[in-house]
Amino acid sequence: MTVTELVWNQIKISEREVSLAKVLRCGQAFRWKNIDGIWSCALANRVVFLRQVPEGIFYSSLGGTEDSTLAFLEDYLQLSVSAKALYEQWSQVDAHFLKKQQDLQGIRILRQDPWECLVSFICSSNNNVKRISQMCDNLCIHYGDYVASYNGTKYFTFPPPAKLVAPSIEAELRALGFGYRAKYIEKTALLVHLSSTGVADLHALRAADYDTARAALLQFTGVGPKVADCVALMALDKHGVVPVDTHVYQIAKRDYKFKGKGETVTPQINKAVGDFFRDLWGEYAGWAHSVLFTAELKDLGNGVNVKAGEAVKSTKVKKEETFEALTATIRADTRLIAEC
DNA sequence: ACTCCCAGGGGTAAG
DNA sequence: CTTACCCCTGGGAGT
């Protein structure tokens, strides 16, 4: 293993605008690792490293230039949108939001790659964040391209459709623990691969209206209303879409006196709840939904924050330990900055 | 404490 | 409009 010095640059931004600990762990993206308080993920053909201090976010990368990493982050984190301003807006129209938002600052929607987002959320059905993360990791390790290593961790790209079209894919994915989703991924990869422009078709849906994008997404096996809405919101710029699952439905009934009978989210319920929140929160309703949804998560760490040398798998990290490791690193960072 | 058992989980496709 | 689906985990019952 080689020791690599990372060169860090800073984006000056408050935790009220971006909270990496929340954004990267609230069930939008599933591949970010947190090792000794440093966030890392192979994205855009490089390994991106991030760490947050009160003054801002330090970023670094292995592969790719500094300028392009900054450009990538501005796009990925959607820094042109002010979460703080949106929070203020939602707080004015929604008393419940106002009450809840205090501990939930800095949550925003990531602008993810449509293909990765699609596959990730196919994996999310009837599943939990921890296992979804494992599945996404497995996809990269077994089918992605090697990018670089850092501190003993190897980083791989998220595999494009072409890497997932072998006839044996379903069996392989099943062996890797994907369960019935193995077939969904195989079929979806094949469909995208065979389309004239491949993933470009998915990217083009960013410019399409919501109904068009949704209809296109529903064509894929393993994609129903909920998954389609997640992809529309988190990869296709459909900021007003509120993905409605059982959990969101419960929130609507419990906290907003939304009247709906039954526990299951039928297509009608899906639409009614979505319309209800869009009506309340406006153009960026999907972003607001993410804030309140995060409030319901029991453990934001989801057991996937690790210390160097520890395997992600089979490791249970106590919340307190993780927190102390994180704050210790942040303090050390702050000292370093002060000395500079 | 440890094991066994069993529901249920941020949905979807198929009957 | 029900039901099965892969796998993992948490809680409860029992050792």
Side-chain angles (χ1 to χ4, degrees), chain A residues 22-30 104 107 109-110 112 117-139 169-188 190-191 214-235 241-255 258 260-271 273-274 277 286-304 311-319:
Chain A
K22 297 191 188 77
V23 173
L24 268 23
R25 280 287 182 267
C26 70
Q28 294 184 53
F30 303 95
L104 298 167
I107 295 171
I109 296 293
L110 264 15
Q112 300 189 67
C117 193
L118 176 61
V119 175
S120 302
F121 279 93
I122 286 175
C123 293
S124 78
S125 78
N126 218 328
N127 210 345
N128 55 66
V129 175
K130 190 175 177 183
R131 181 148 82 116
I132 301 166
S133 301
Q134 278 179 26
M135 290 158 85
C136 291
D137 272 347
N138 270 145
L139 237 28
I169 284 293
E170 186 192 343
E172 290 171 26
L173 292 180
R174 273 187 177 273
L176 287 172
F178 281 70
Y180 59 84
R181 302 162 197 86
K183 183 182 287 183
Y184 297 165
I185 292 173
E186 181 199 59
K187 288 191 164 189
T188 298
L190 198 58
L191 202 54
R214 177 187 155 97
L217 291 168
L218 289 173
Q219 299 287 99
F220 297 108
T221 312
V223 178
K226 197 295 191 154
V227 171
D229 281 350
C230 282
V231 178
L233 171 66
M234 301 176 193
V241 175
V242 178
V244 180
D245 50 37
T246 56
H247 218 148
V248 170
Y249 181 35
Q250 298 310 318
I251 294 173
K253 287 195 291 189
R254 186 193 68 197
D255 299 333
F258 179 88
K261 51 184 177 186
E263 297 294 296
T264 45
V265 178
T266 63
Q268 292 93 323
I269 301 256
N270 180 292
K271 186 177 184 336
V273 173
F277 281 126
W287 292 48
H289 131 278
S290 181
V291 175
L292 287 189
F293 189 88
T294 304
E296 302 300 314
L297 290 179
K298 286 193 180 74
D299 176 14
L300 261 183
N302 283 302
V304 286
V312 174
K313 227 184 193 174
S314 78
T315 307
K316 279 194 179 176
V317 181
K318 286 185 198 158
K319 242 197 245 174

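Numbers restart at 1 for each chain; the letters A, B, ... are given by sequence-line order, proteins then strands. FYI, side chains are in, hydrogens and waters are out, and symmetry mates aren't considered; it's all heavy atoms of this structure.
Residues satisfying the side chain to side chain contact (heavy atoms under 4.5 Å, CB included) test with A:Val265, not counting sequence neighbours, are A:Val244, A:Thr246, A:Tyr249, A:Ile269, A:Asn270.
Going from the P atom of C:dC1 to that of B:dG10 covers 23 Å, rounded to whole Å. The same atom, P, is picked in C:dC6 and in B:dC5; the two are 22 Å apart, to the nearest Å.
Counting only Watson-Crick and G-U wobble pairs whose two distances sit under 3.5 Å, DNA chain B takes part in these stems of three or more pairs: B:1-9 with C:7-15, B:11-15 with C:1-5.
At a threshold of 4.0 angstrom between heavy atoms, the contacts of A:Thr221 are confined to the sugar-phosphate backbone, with no base atom among them. A:Val248 comes within 4.0 angstrom of no nucleic acid atom, judged by non-hydrogen atoms across all strands. Backbone-only contact: A:Val223 has heavy atoms under 4.0 Å from sugar-phosphate atoms and none from a base. Using a 4.0 Å heavy-atom criterion, one finds that A:Pro225 contacts the sugar-phosphate atoms exclusively. Using a 4.0 Å heavy-atom criterion, one finds that A:Tyr249 contacts no nucleic acid atom at all. Using a 4.0 Å heavy-atom criterion, one finds that A:Ser124 contacts no nucleic acid atom at all.
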Tabulated below should be each protein N or O lying under 3.5 Å from an N or O of nucleotides 7-9 of chain B; please produce it.
from	atom 1	to	atom 2	distance (Å)
B:dG9	N7	A:Asn126	OD1	3.3

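With respect to the salt-bridge test (charged N to carboxylate O, under 4.0 angstrom), the residues A:Arg254 and A:Glu296 qualify.
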